[in-house]
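Notes for the one structure printed next.
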Amino acid sequence: MAGVEVEVVVAHHERATLRVGGVFLKIDADQARTDVEVEAMARAPVPTPEVLWRKPPVLALAAVGGTALGRLGEPSAASPAAWAAAGAAARMLHDAPLPPWPGQSLDEIAADLDGECEWLLANGVLPADLVTRNRRVAEAALRPWTPVFTHGDLQVAHVFADGDQITGVVDWSEAGPGDALYDLASLTLGHQEHLGDVVAGYGTGVDLGVIRAWWSLRSLRAIRWLAEHGFDPSAPGCEVDVLRSQL
C-alpha cells in the first residue's frame, strides 16, 4: 500500500466514503441503503461503478472514468453536449422497468416539507418570506405523477463524463420509484443555465415549472440535514442561494 493515496470523499456520522487509489470504499451503518445501491446499479441501463466486493459494512466500488459534470456552488466546465448526454442517460433510466421496492409517497414528501419549513421558521434559520415564498413555489411539485425508475439523488457531482460521453453515474442508495422531474431538478440544482441542455437530451414530457418547484422543495428539505452533517447550505451558489433565486 506504500505510495497509495487515500482521500476522504465524504464523512459524517451515518456513512463515509474513502478513495484508495482507484477504489472507493463506502462504509454505511444502514445496510438497507447498501442493498438498494447494489441492486439499483445492477438494474440501471446506464454506466455505473463496478462492484468489486462487499463485506458489511464496507462496499468496494471501482472508480468510474472521466470527471464529474460539476459541483454545487461552482461553475461547470462540462460541455453543453455532456449536459445533454446526462439528460439522455436520465431518460434511459426513467424508461427502464421499475425496481421492486417502494419509493417515497407524495404524502410523505409533503409532510416532510411542512416539517422542515416549520423548523426553518421556528429557529429563524431563514427569513420568513424566503421560506413561505419557496413553500408556495414547491406546491407545483406536489401533484400525482407516474412513477419511474429514479436515481433519487442525481446531483451534478454524481454524474461523470469524458468529453461529451457519460462514463458513470454514482451513489445509488436513494434509487427507487419516483418522479422523473425530481431527477432532472436534482441534476440542474444550482446549474439552471444548463437546464435547456439537459431537456434537449432528455426529450419530451418536461414541465419546467415543476422542475423549478422541485428546486425549491429539495432545497427546503435539505438545509437542516446539511447543517447537522457539517455542510454549509448558505455557501455561494448552494441551497440558500437557490431559494433566493426563486424570488
Walk me through it: do R135 and D114 pass the test salt bridge (charged side-chain N to carboxylate O under 4.0 Å, His left out)?
CA-CA 8 Å; R135 177 61 182 83; D114 287 341; 3.1 Å; yes

Go through the steps for E228 and H12 under the test side-chain contact (heavy atoms from CB on, under 4.5 Å), then give the verdict.
CA-CA 9 Å; E228 291 176 347; H12 49 77; over 6 Å; no

Candidate pair S79 and D164, rule side chain to side chain donor-acceptor pair (under 3.5 Å), full reasoning:
CA-CA 7 Å; S79 68; D164 298 338; 2.6 Å; yes

Checking side-chain contact (heavy atoms from CB on, under 4.5 Å) for the pair L61/V170: CA distance, chi angles, key distance, verdict?
CA-CA 10 Å; L61 301 172; V170 305; over 6 Å; no

For salt bridge (charged side-chain N to carboxylate O under 4.0 Å, His left out), just list the numbers for D153 and R218, CA-CA rounded to whole Å, side-chain angles, deciding distance to a tenth of an Å, and then say yes or no.
CA-CA 10 Å; D153 191 19; R218 177 175 172 123; 2.7 Å; yes

Please determine whether side-chain contact (heavy atoms from CB on, under 4.5 Å) holds for the pair V199 and L208, giving the CA-CA distance in whole Å, both sets of side-chain angles, and the decisive distance to 0.1 Å.
CA-CA 9 Å; V199 172; L208 299 183; 4.2 Å; yes

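When atom types are taken as modelled, the side chain of D162 and the backbone of T167 share no donor-acceptor pair closer than 3.5 angstrom. Between the side chain of H151 and the backbone N or O of A90, no donor-acceptor pair lies under 3.5 Å. Under the 3.5 Å distance criterion, the side-chain polar atoms of R91 are matched with a main-chain donor or acceptor of T204. Using modelled atom types, no side-chain atom of S76 and backbone atom of G70 make a donor-acceptor pair closer than 3.5 Å. Side-chain N or O atoms of N134 include one that pairs as donor or acceptor with a backbone N or O of L243 at under 3.5 Å. Judged purely by atom type and a 3.5 angstrom limit, Q104 has no side-chain atom pairing as donor or acceptor with the backbone of G178. Looking at W101, its side chain does come within 3.5 Å of a backbone N or O of A175 through a donor-acceptor pair. Under the 3.5 Å distance criterion, the side-chain polar atoms of D179 are matched with a main-chain donor or acceptor of L181.
Ring pair F231/W225 is parallel by interplanar angle, where below 30° counts as parallel and above 60° as perpendicular. Aromatic ring pairs are classed by plane angle as parallel below 30°, tilted from 30° to 60° and perpendicular above 60°; the pair H191 and H194 is tilted.
Side chains of P102 and P177 form no contact here, defined as non-hydrogen atoms less than 4.5 Å apart. Looking only at side-chain heavy atoms (C-beta outward), L187 and V159 come within less than 4.5 Å of each other. In this structure the side chain of K26 reaches within 4.5 angstrom of the side chain of D171, judged on heavy atoms. With a 4.5 Å cut-off on side-chain heavy atoms, S186 and H158 do not count as touching. Within the 4.5 Å cutoff, the side chain of L154 has heavy atoms near those of the V169 side chain.
Atom CZ in R133 sits 8.0 Å away from atom OG in S216 (nearest 0.5 Å).
Hydrophobic cluster membership is shared by W214 and L189, with clusters built from Ile, Leu, Val, Met, Phe, Trp and Tyr side chains linked at under 4.5 angstrom. The cluster map of Ile, Leu, Val, Met, Phe, Trp and Tyr, joined by side-chain heavy atoms under 4.5 Å apart, puts V148 and V210 in different clusters. Hydrophobic clustering (ILVMFWY, side-chain heavy atoms < 4.5 Å, transitive): L217 and W119 are in one cluster.
Ion pair E37/R33 not flagged as a salt bridge, since none of the NZ, NE, NH1 or NH2 atoms sits closer than 4.0 Å to an Asp/Glu carboxylate oxygen. By the 4.0 Å N-to-carboxylate-O rule, R54 lies close enough to D35 to be salt-bridged with it.
Taking all atoms of both residues into account, the shortest heavy-atom contact from R19 to A63 is NH2-CB, 3.8 Å. Here the closest heavy-atom approach between residue A82 and residue L69 is recorded as CB-CD2, 4.0 Å.
Within 6.0 Å of the CZ atom in R221, the count of heavy atoms belonging to other residues, nucleotides or ligands exceeds 12. Around the CD atom of Q165, the shell of radius 6.0 Å holds no more than 12 heavy atoms that belong to other residues, nucleotides or ligands.
Side-chain contact annotation: T188 with W215, donor-acceptor N/O pair under 3.5 Å present.
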